[in-house]
A.B. asks: 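Quick one: this structure, given as structure tokens, is what I'll be asking you about.
Throughout, residue positions are numbered sequentially from 1 according to the sequence presented.
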Amino acid sequence: MPAYNEAHRLPRTLDALTDHLAAGTGRWGEWEIVVADDGSTDATGDLVTARQDPRIRLVTAPRNRGKGHALRLGVAASRGHRVLVTDADLATPVEELERLDKALCEGNAAAIGSRSAPGARIGDRQHRLRELLGRAGNLLIRRTVVPGIRDTQCGFKLFDGDPARAAYAASRVNGWAIDVEVLRHLRSAGLSVAEVPVRWSHQPGSKVGPLDYARALTEFTRIALRGLRPADVFAPFLFLLMSVALYSGRFFDPAHRYLPDSLRDQNQWEWFFAVTADNVAHFRNPLFSELQGFPDGVNLMANTVMPGLSVPLTPLTLLAGPAVSLSLVMTLGLAATAAAWYWLIVQHVVRGRIEAFLGASLAAFAPPMVSHAHAHPNFVVLFMIPLIIDRALRLCTGTRVVRDGVVLGLMTAYQVLLGEEALLLAALGMLLFAGAYAVVRPDTARESWRPLVKGLLIGASVCLPLVVYPLVWQFSGPRSYTGIEHNPRSFNSPLALLSFAERSWLAGDAETANALSFNTTEQNAFYGWPLVLLAFAILVRLWKRALVRALAFTAVAAAFLSLGREFRIPLTDITLPGPWKLLADQPLFEAVIESRVAMVCAPALGLLLAIALDRLLAAHRLRTRYVGLLGVGLALLPLVPAPLKAVDRTAVPAFIADGTWTSYVREGESLVPVPLPDPGDAEALHWQIEAGLGFKLPGGYFNGPYGDERVGIYGAEPRFTSNLLRDVRNTGEVPPVNASWRDQARADLAYWRAGVLVLTPQPNDGALRETVEKLVGGPGRWVDGVWVWDLHERGLARGPHEGVRPRAAPITLP
């Protein structure tokens with residue numbers, strides 16, 4: 001019993017203990033009471049010695065150091081076959097000892113009284129604030145230090161003697177967290193701990209002060225950190241180094257460096273972060289903006305702006321700029337994704353840290369992930385996906401269905417705000433895995449499907465109310481669209497699965513990769529034939545393991561789906577229908593780029609790799625081990641990515657950077673670049689950011705509706721003048737402008753509420769300049785590095801807004 005200045009309560013407590021133990025001499029046998037006086041300044045010690053009972057002993061500390069130190073002294077001095085630890089207030093009556101002793105007789109090493117276990121009875125309750133703080137502390141403890149124990153702090157615990165003395169001797173904290181540290185020690189030693197419901201009533205005179213909660217939190221943190229294996233700290237650090245190395249060309253100077261293989265996506269994503277921060281700072285709707293596509297605007301929720309990160313990062317974006325925010329999101333997000341896969345593998349697949357590290361590295365840094373690392377944070381920041389998978393696996397056990405279902409719903413809602421397509425592909429991968437595992441392990445499926453379905457329904461009931469508004473805005477709000485047509489080459493060739501990606505360090509083949517994909521950000525396969533052979537060897541060698549067969553089916557099925565609606569057998573003219581045809585026109589799937597389904601293969605292959613390495617490293621024959629590791633090395637080395645290419649950023653024209661534009665663009669007007677920004681050239685988005693989002697742009701790079709049917713297209717709905725200027729940029733030919741064309745240009749400029757036309761030096765700028773002169777009826781002026789046509793001087797600014805809106809020529813997809 002720890003005691004500090006307990007002179008007023010100690011006599012009653014000692015009487016209760018001795019009476020109960022003495023009355024049950026036949027039941028308890030020999031007993032002793034050890035009072036650990038923690039440097040009391042009152043008569044606590046004298047009261048113990050005054051009893052002159054050899055069964056009641058006193059151990060003292062020279063000064064007050066805390067409950068933990070007192071218990072360490074007292075338990076070390078104990079001699080019993082079993083050790084009961086109880087608080088001096090006896091909030092749990094000693095009669096409850098019978099319940100704890102029964103639990104130890106059932107084979108447990110410790111039995112702890114619990115106020116939270118079913119069957120517990122609470123008499124007088126403590127103050128409401130203390131009760132809430134206690135519950136919050138228990139929740140934190142369950143999540144970080146000793147999972148599964150509802151109440152670690154009830155001061156009534158019975159232990160087997162020798163394990164208790166070893167656990168307390170190994171403890172280091174001196175405060176209230178001693179209970180947690182001891183329980184963690186017992187768990188680590190493989191000893192079972194039973195949580196027993198008891199009676200409990202709050203007793204006045206508590207020694208717990210307000211600052212003790214903060215001290216306990218500090219101690220809990222120390223315990224949790226000490227419990228980490230060095231590899232569990234080192235692995236995330238290595239993932240971070242790997243991510244920084246990948247982005248090294250941009251990471252250290254993001255505002256002035258550009259990833260050219262991102263095409264125009266880096267400009268687009270920086271604009272997304274900038275406009276979201278601007279909307280939040282000015283209390284505007286973060287799901288819409290008219291800064292692009294003016295005057296119609298952009299449905300930001302329909303453009304995957306990742307509000308789950310772009311909104312909370314508003315202060316950083318406003319302070320350091322969107323380039324810094326985007327760089328940190330992609331660098332830290334990739335490392336966090338790898339760390340999450342590592343954690344999932346350790347929790348559910350293999351315990352070996354080296355195996356888990358290599359498996360997670362493949363899952364997060366596979367060639368398709370590196371391809372998307374150029375430009376798509378929504379496919380790089382995937383740390384929620386392993387957490388969602390973990391929660392689904394917990395549901396299958398049926399232990400805490402309601403809690404796990406609620407947490408799953410919250411996680412899913414957050415992932416919706418990070419990226420819906422990634423969530424859809426992950427759900428497809430989990431469905432493929434679940435179906436395969438149910439076939440190979442029907443017994444497990446029968447036991448798991450009910451709690452899983454119940455948990456999924458609970459999760460849906462939690463998730464849907466949280467995301468219904470942004471989803472309704474996305475699909476039915478202003479500037480929403482009904483589906484989008486992608487590049488006709490948006491499927492994988494079977495050869496793409498066996499070839500190497502452009503950014504593979506040792507085996508990269510840009511010519512082959514570009515021939516088998518439609519751009520550098522969508523190289524969604526390219527696992528290489530050595531890894532495919534390794535996966536096949538793992539499947540053959542470990543065929544008996546149900547997990548291996550289910551993972552292999554998941555990878556093969558995802559790769560097959562990624563072939564698209566139909567595929568041609570390589571080196572032949574034979575074309576076969578593809579399985580994606582069954583999903584292509586279904587809701588949600590109609591907007592998916594089918595080649596991206598092959599990204600599901602990355603974590604499946606990573607888990608297979610971890611399983612194989614675990615088996616190899618445990619092999620008794622050195623020859624088997626070395627040959628196997630050599631094969632793994634040969635399969636992985638060609639996939640190691642080279643750092644992403646980075647170049648100096650194109651300078652912003654002085655006309656924009658120096659603020660000269662403010663003399664030409666009035667309130668409610670737009671600045672019109674020549675040609676208008678589109679998916680082929682979105683540098684004007686960077687101008688807009690550098691100008692503090694001070695002017696609006698017609699055109700742009702985003703997804704929006706086209707026509708009365710609201711079919712999704714890339715960029716703003718094209719008009720006659722935007723198409724004309726784009727064609728001149730592409731061909732360098734000046735068209736024969738007539739009066740009808742000039743009238744149409746005037747109508748378009750009026751619709752865009754144009755204040756000024758701006759032409760920067762660029763290929764075919766001479767033809768563009770001549771065309772604009774013909775359209776507006778006069779030459780421009782050279783101002784601060786650009787050609788400028790002031791539409792106010794020509795009477796063309798702020799004209800009628802009901803200009804003709806002709807259907808555009810066939811749209812060229814990026």
A.B. asks: Can you name the nearest heavy-atom pair linking V600 to L425, along with the distance?
C.D. replies: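 Shortest heavy-atom contact: CG2-O, 3.6 Å.
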A.B. asks: If only atom types and distance count, is the side chain of N303 paired as donor or acceptor with the main-chain N or O of N703 below 3.5 Å?
C.D. replies: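 Checked: pair present.
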A.B. asks: Of all heavy-atom pairs between I611 and L547, which one has the smallest distance, and what is that distance?
C.D. replies: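 So the minimum-distance heavy-atom pair works out to CD1-CD2, 3.6 Å.
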A.B. asks: Tell me, do F526 and L516 make a side-chain contact under 4.5 Å, heavy atoms counted?
C.D. replies: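 With C-beta onward as the side chain, the pair touches.
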A.B. asks: Checking the side chain of R729 only, and the main-chain atoms of P675 only, is there a donor and an acceptor separated by less than 3.5 Å?
C.D. replies: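 No; judged by distance alone, with no hydrogens or angles, the pair does not exist.
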A.B. asks: Got a donor-acceptor contact below 3.5 angstrom from the H374 side chain to the S371 backbone?
C.D. replies: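 Side chain of H374 to backbone of S371, a donor-acceptor pair under 3.5 Å: yes, one is there.
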A.B. asks: Would you name the heavy atoms of V350 and A610 that are closest together and state the gap between them?
C.D. replies: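 Heavy-atom minimum between the residues: CG1-O, 3.8 Å.
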A.B. asks: Any side-chain heavy atom of S248 sitting closer than 4.5 Å to one from P643?
C.D. replies: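 A side-chain contact under 4.5 Å exists here.
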A.B. asks: Applying side-chain hydrogen bond (donor to acceptor under 3.5 Å, both in side chains), run through H372 and N524 and close with a yes or a no.
C.D. replies: CA-CA 8 Å; H372 284 277; N524 292 310; 2.6 Å; yes
A.B. asks: Could you tell me whether a side-chain N or O of Y706 sits under 3.5 Å from a main-chain N or O of A716, the two making a donor and an acceptor?
C.D. replies: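 No, the answer is negative, given that no donor and acceptor are paired below the 3.5 Å cut-off.
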A.B. asks: Can any side-chain N or O of S722 pair as donor or acceptor with the backbone N or O of P718 at less than 3.5 Å?
C.D. replies: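 Checked: no pair found.
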A.B. asks: Quick one: NE2 on H376 to CG on D265, what's the gap to the nearest 0.5 Å?
C.D. replies: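 Rounded to the nearest 0.5 Å, the NE2-CG separation comes out at 4.0 Å.
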A.B. asks: Would you say the side-chain atoms of R503 pair up with the backbone N or O of P367, donor to acceptor, closer than 3.5 Å?
C.D. replies: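 Not a single qualifying donor-acceptor pair exists.
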A.B. asks: Near E566 CD, under 6.0 Å, is it more than 12 heavy atoms from other residues, nucleotides or ligands?
C.D. replies: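 Not more than 12 within 6.0 Å, no.
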A.B. asks: Hey, does the side chain of T520 reach the backbone of D261 with a donor-acceptor pair shorter than 3.5 angstrom?
C.D. replies: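 Checked: pair present.
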A.B. asks: Pair M411, Q415 - check side chain to side chain contact (heavy atoms under 4.5 Å, CB included), show working.
C.D. replies: CA-CA 6 Å; M411 289 180 172; Q415 178 58 43; over 6 Å; no
A.B. asks: Side chain to side chain contact (heavy atoms under 4.5 Å, CB included) for E420 and M301? Distances and angles first, verdict last.
C.D. replies: CA-CA 10 Å; E420 298 162 67; M301 188 62 195; 3.6 Å; yes
A.B. asks: Does the side chain of Y342 come within less than 4.5 Å of F239's, by heavy atoms?
C.D. replies: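 They are in side-chain contact.
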A.B. asks: Please report the closest heavy-atom contact between Y701 and Q268, naming both atoms and the distance.
C.D. replies: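 For Y701 and Q268, the tightest heavy-atom pair comes out as O-NE2, 3.2 Å.
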A.B. asks: I'd like to know if the side chain of N267 reaches the main chain of A684, judged simply by a donor and an acceptor atom lying under 3.5 Å from each other, with no hydrogens or angles considered.
C.D. replies: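 Such a contact is absent between N267 side chain and A684 backbone.
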A.B. asks: Work out which heavy atom in V381 is nearest to a heavy atom in L309; give both atom names and the distance.
C.D. replies: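 Nearest heavy atoms, V381 then L309: CG1-CD1, 3.9 Å.
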A.B. asks: Would a distance-only check, ignoring hydrogens and angles, find a side-chain to backbone donor-acceptor pair under 3.5 Å from S243 to L332?
C.D. replies: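 Looks like no, no N/O pair under 3.5 Å.
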A.B. asks: If we only count heavy atoms from C-beta on, is the S480 to Q474 side-chain gap below 4.5 Å?
C.D. replies: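 S480 vs Q474: side chains apart.
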A.B. asks: Starting at CG of L382, measure out to CE of M384 and round the result to the nearest 0.5 Å.
C.D. replies: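 The CE atom of M384 is 11.0 Å from CG of L382, to the nearest 0.5 Å.
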A.B. asks: Is there side-chain contact between T337 and I385, with heavy atoms separated by less than 4.5 Å?
C.D. replies: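 No, their side chains stay 4.5 Å or more apart.
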A.B. asks: Taking the side chain as C-beta and beyond, is there a heavy-atom pair between L497 and V532 under 4.5 Å?
C.D. replies: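 Answer no - side chains too far apart.
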A.B. asks: Return the CH2 to CG distance between W269 and L685, rounded to the nearest 0.5 Å.
C.D. replies: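 Spacing of CH2 (W269) from CG (L685) equals 13.5 Å.
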A.B. asks: Less than 4.5 Å apart, any side-chain heavy atom of E522 and any of I593?
C.D. replies: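 Yes, their side chains come closer than 4.5 Å.
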A.B. asks: Could you check if a side-chain atom of V329 sits within less than 4.5 angstrom of a side-chain atom of F273, using non-hydrogen atoms only?
C.D. replies: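 The answer is yes, as the side chains (C-beta and beyond) meet within the 4.5 Å cut-off.
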A.B. asks: Determine, using ring centers only, whether F567 and F560 are less than 6.0 Å apart.
C.D. replies: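 F560 vs F567: aromatic centres under 6.0 Å.
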A.B. asks: Please report the closest heavy-atom contact between M242 and S361, naming both atoms and the distance.
C.D. replies: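 Here M242 and S361 meet closest at CE-OG, 3.9 Å.
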A.B. asks: In Å and rounded to the nearest 0.5 Å, what is the CZ to CG distance from R726 to L676?
C.D. replies: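 Atom-to-atom, R726:CZ and L676:CG are 11.0 Å apart.
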A.B. asks: When you look at L644 and V370, which way does the side chain to side chain contact (heavy atoms under 4.5 Å, CB included) test go after all the steps?
C.D. replies: CA-CA 9 Å; L644 304 182; V370 173; 4.0 Å; yes
A.B. asks: If you count the non-hydrogen atoms of other residues, nucleotides and ligands that lie under 6.0 Å from CZ in R541, is the total more than 12?
C.D. replies: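 Atom CZ in R541 is not crowded, with 12 or fewer foreign heavy atoms closer than 6.0 Å.
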A.B. asks: Where do L423 and I388 land on the side chain to side chain contact (heavy atoms under 4.5 Å, CB included) test, with the steps shown first?
C.D. replies: CA-CA 10 Å; L423 178 61; I388 289 172; 4.2 Å; yes
A.B. asks: For Y414 and G308, indicate whether the former's side chain and the latter's backbone hold a donor-acceptor pair under 3.5 Å.
C.D. replies: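 Side chain of Y414 to backbone of G308, a donor-acceptor pair under 3.5 Å: yes, one is there.
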A.B. asks: Between CD of Q347 and CG of L393, what distance do you get to the nearest 0.5 Å?
C.D. replies: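 The CD atom of Q347 sits 11.0 Å away from the CG atom of L393.
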A.B. asks: Please round to the nearest 0.5 Å and tell me the distance separating atom OH of Y527 and atom CG of L605.
C.D. replies: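 The CG atom of L605 is 6.5 Å from OH of Y527, to the nearest 0.5 Å.
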